Amino acid sequence: MQQDPDVIARTAEELVGDLNPQQGEAVQYQGPALLIGAGAGSGKTRVLTRRIAWILSQFGAWPSQILAITFTNKAAAEMRERLATLIGPVAQRMWVSTFHSACVRILRRDGQSIGLKSGFSIYDSADSERLIKIIATEFNLDVKRYTPRSILGKISDLKNNLTGWQEYLAAHAPDFTPGQRGYQFGHAGDLEAIHAVLYAEYEHRLGLANAVDFDDLIGRTVELLRKDPQVADYYHHRFRYILVDEYQDTNHAQYVLVRELAGVDARESADATPGGNGRFAGKTGPAWITVVGDSDQSIYAFRGADIRNIQDFEQDFPNAKTIMLEQNYRSTQTILDAANAVITNNEGRKPKKLWTAMGKGEPIVGYAADNAQQEAAWVAGEIARLHAEEGIAYSDMAIMYRANAQSRSLEEALINGGEPYQLVGGTKFYERREVKDALAYLQALVNPDDDVNLRRILNVPKRGLGDRAEGILLNYAREHGASFFYALMHVDEIQDMPTRTANQLRAFRDLMASLSQFTRAHDAKPSEVVAEVLDKSGLRADLEKSVDPQDASRLENLSQLQSTAAEFEQKTPDATLAGFLETTALVADSDQLPDEGEDSGKVTLMTLHTAKGLEYPVVFLTGMEQGTFPHSRAMEDISELSEERRLAYVGITRAKRRLYVTRAAVRSQWGQASDMMPSQFLDEIPDELVDWKRREAGVERMRGAWGRDEFDDDFGGWDDDFSSGTTFGGSGSSYGSSYGSGSRYGSSYGSGSSSYGSGSRYGGSSRSGSGSYGGSSYGSGSSGRSYGSGSGSRSYGSSGSRYGSGSGSSYGSGRSGSGSSHGGTRGGKVTTRRVAPKSGGSSAQPVSSLDKDNQLNIADFSIGDKVTHDKFGLGTVVDLQDKGRNSVITVDFGSAGTKRLMLRVAPIEKL
DNA sequence: CATGATTAATTCGCT
DNA sequence: ATTAATCATG
């Protein structure tokens, strides 16, 4: 067999010459099943891409014979890109894709044989939930007790385990037939019967709507491969090498899918000979499988990932080989020691120890704050310090947390500090209401059977068609055993309808009919269809006439949807509307992550889950408290706790050079403040690795003191010190040393200058706000896309940058030229709420340029000046430190003491 | 049918 | 605290 001339031939030396022995072995291994146990930062993507190149150039495989599977589109794109540099543009034609998009391709091609019509809809979880809710309501179920979400969760579990509805129904509610109306449950509490009935009915409706949900993409592909030998045979011959990334995250269905695709269990074709060697390696019999993963980084069990897939790999696949990669190229030994120490506490795990040739590096820095706000302020201060003093680019720093809700205080602190940040996660672009509305129109046009989407838009924008009208159509559809769309098209035949409703319905029918016609005529131009829909439906007009400032950004999101469609149209030769909808259905959060190496000039905020696979020179792990992390719901159960620990392991190993761990003694959630114990994971990090800047929070010292009746005054409100800048001041400050010994979190009260501590017992919540955050400037999209290219951009990267990026990212200020600028360090701030889904540059969310700056400039002060402070009163300036926007002045307030104040935020006035 | 008021929920989230 | 969803009312 001849090699594809398009593939750039690579010599063995080029492919493995610069790898370590284990990596090299993994790249070259010949055999039917290979598990690469890739510890964090061990160069797994590199090995995977090299192995693919090796298979092409050394085994003589054709690009079309390879299937490489990842979990995210971003990972797929990245792998494809790295492959392209290795083997050339032919990589663009290869199947390098996610599980889901590979399945879509298969189902689009061969789905007819299991009853899927082309143009089927892909429901996201919101669509699925809506459908479940519709069904549950019809069955008169108490939606409060049986939430659509929990029902869907159960259905998802069943699907992930490939339990079909037929099977489950037979076991728990054999007297129900899908499509049957007026079914009564035997007795109210039979959860399994309810699940069985809803599962069956849900599948029935999906079928009627010619739709599949995410889990179905996998499950139905498995079904297809099992039921249709011809199709199975086709893929068995087609894919000779299957490679799966992040194997520890696969669920049972995905595991079976891989087996079916590879033909591991299939009867071998007649000409099968045992997997040979040399140039014909892997060319007969089942496809050769390579999986890469790290069981210590399995953090998606809660969503069905089955860690046994990777643990039992050697038993599952005959003649399997395991190669472990334990040399880490990312982090310092200190960081790895911490990670190893933590993960060792998990039971039943294969011992594995990461090591590095990089050296010890700096100690981990710890900090115990009084509350979440102060924790955030300290982190923001430390980031400002690292940036100003050590020249570390903002984009080289990341703040991680367990739950999205924790981002709030961090965002506020960064806004206060004028530090640019971007938040990854939260609501996805394609799940935003207005975007979903527009997409629902498109979906309904492409797939008229899609009742869920059509019903969604019936009254969007408001056109006086409510539950009544919907019910009438629904009835008609049922009577005729037809779709909702069919009913709509036949409104004229429906009797006994209020004239008003009839008129509105006819108008809507005409709208859909005309849009439908337009769609057929312009199917190859999705962007034009989008424009037509936005225009004719009134979606755009509705938002345009609105005065709600939020709607401005919604409008912008719609226009971005149109741009995305245009972009899709340009880069896709045979573009169709259905094709475009597919791309929108399968994008996820992680696709929004900034590309590696790209200097966005912003600090990145994200959850630990989102952080998997990423790395940053400086990482802050915040909220290290029992109940926060590990999460309260996971603390009881040993397996859930183990997963939390793996999450901690993932978090720690994201850091390349410096790791910070912080916690808050008091955290308020759901409006209620509660005392938080330090996370057990902190205890699991060896003490000598951590340099505690503050081991115990002020309130904790007080708690101890109260207990012993020893506390006395001298507790200023924490905000006093906060503004005075102690938190970001030079190293050490006043804590640390006094807590260095003794019990780790014991009460070492009474020692040290206790300028911390809150006056009120739970000072946190009351003092949090200063209200500048919420309504006003945050959501108002008017200033829109000014950032990134706006006027008055300033360069923030200081010289001598330690971690490269000497370019010093510049970013625009929404507020051009405000305030006098000395040394070019005063400028607007940029807060990107989310990163745009794909198209370069702009974000889907508006940007705020609010500036809490007090307009004071270091240049205007000199020693001896008199100032007044909101709390301390009159004082005299005794020292000035020009650190640009983080300038500090030291003021003697007489009886109130001498304070160091961060000029930018201090509540002072020059006299 | 739309609007303001009340109530309930509320980890993480690849596709 | 926040927000989404539901409920009562104009």
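Per chain, numbering begins at 1; letters A, B, ... match sequence-line order. Keep in mind that this is a model prediction, so the values were computed, not measured.
- Rounding to whole angstrom units, CD1 of residue A:I218 and C1' of B:dC14 are separated by 10 Å.
- Ring stacking is absent between A:F302 and B:dT11, as the pair misses the limits of under 5.5 Å between centres and under 30 degrees between planes.
- Distance A:L641 CG to B:dC12 P: 18 Å, rounded to the nearest Å.
- Side-chain N or O atoms of A:D450 include none that pairs as donor or acceptor with a backbone N or O of A:N210 at under 3.5 Å.
- Lacking a ring centre under 5.5 Å from that of the base six-membered ring together with a plane angle below 30°, A:Y300 does not count as stacked on B:dC12.
- Applying the 5.5 angstrom centroid cut-off and the 30 degree plane-angle cut-off, the aromatic ring of A:H609 is not stacked upon the base of B:dC12.
- Salt-bridge annotation for A:D249 and A:R303: absent, with no side-chain N of the basic residue lying under 4.0 Å from a carboxylate O of the acidic one.
- Per the geometry, CG belonging to A:L605 stands 16 Å off C1' belonging to B:dC12, to the nearest Å.
- For the OP1/OP2 pair of C:dT6 and a distance below 4.0 Å, the side-chain nitrogens and oxygens of A:K133 include at least one atom meeting the criterion.
- An OP1 or OP2 oxygen of B:dC12 is reached within less than 4.0 angstrom by a side-chain nitrogen or oxygen of A:N404.
- A:E640 contributes no side-chain N or O that, together with a main-chain N or O of A:D637, makes up a donor-acceptor pair within less than 3.5 Å.
- Rounding to whole angstrom units, CD of residue A:E129 and P of B:dG13 are separated by 16 Å.
- The distance from atom CG of A:L608 to atom P of B:dG13 is 10 Å, rounded to the nearest whole Å.
- Look at NZ on A:K74: it is 13 Å from P on B:dC14, rounded to the nearest Å.
- In this structure, a donor-acceptor pair under 3.5 Å is present between the side chains of A:S128 and A:Y202.
- Scanning for ring pair (Phe, Tyr, Trp, His ring centres under 6.0 Å) contacts around A:F302 gives A:Y300, A:H609, with sequence neighbours left out.
- Atom CD1 in A:I134 sits about 15 Å away from atom C1' in C:dA5, given to the nearest Å.
- Taking side-chain N and O atoms only, A:T70 has no distance below 4.0 Å to OP1 or OP2 of B:dC14.
- In the model, A:Q626 has a side-chain atom that pairs as donor or acceptor with a side-chain atom of A:Q680 under 3.5 Å.
- Between A:H631 atom NE2 and B:dC12 atom P the separation is 7 Å, expressed in whole Å.
- The closest donor-acceptor contact from the side chain of A:N371 to the backbone of A:A665 lies at 3.5 Å or more, if one exists at all.
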(message) Generate the contact string for nucleotides 1-10 of chain B. Rules: B means base contact, S means sugar-phosphate contact only, - means no protein heavy atom under 4.0 Å.
(response) SS-------B
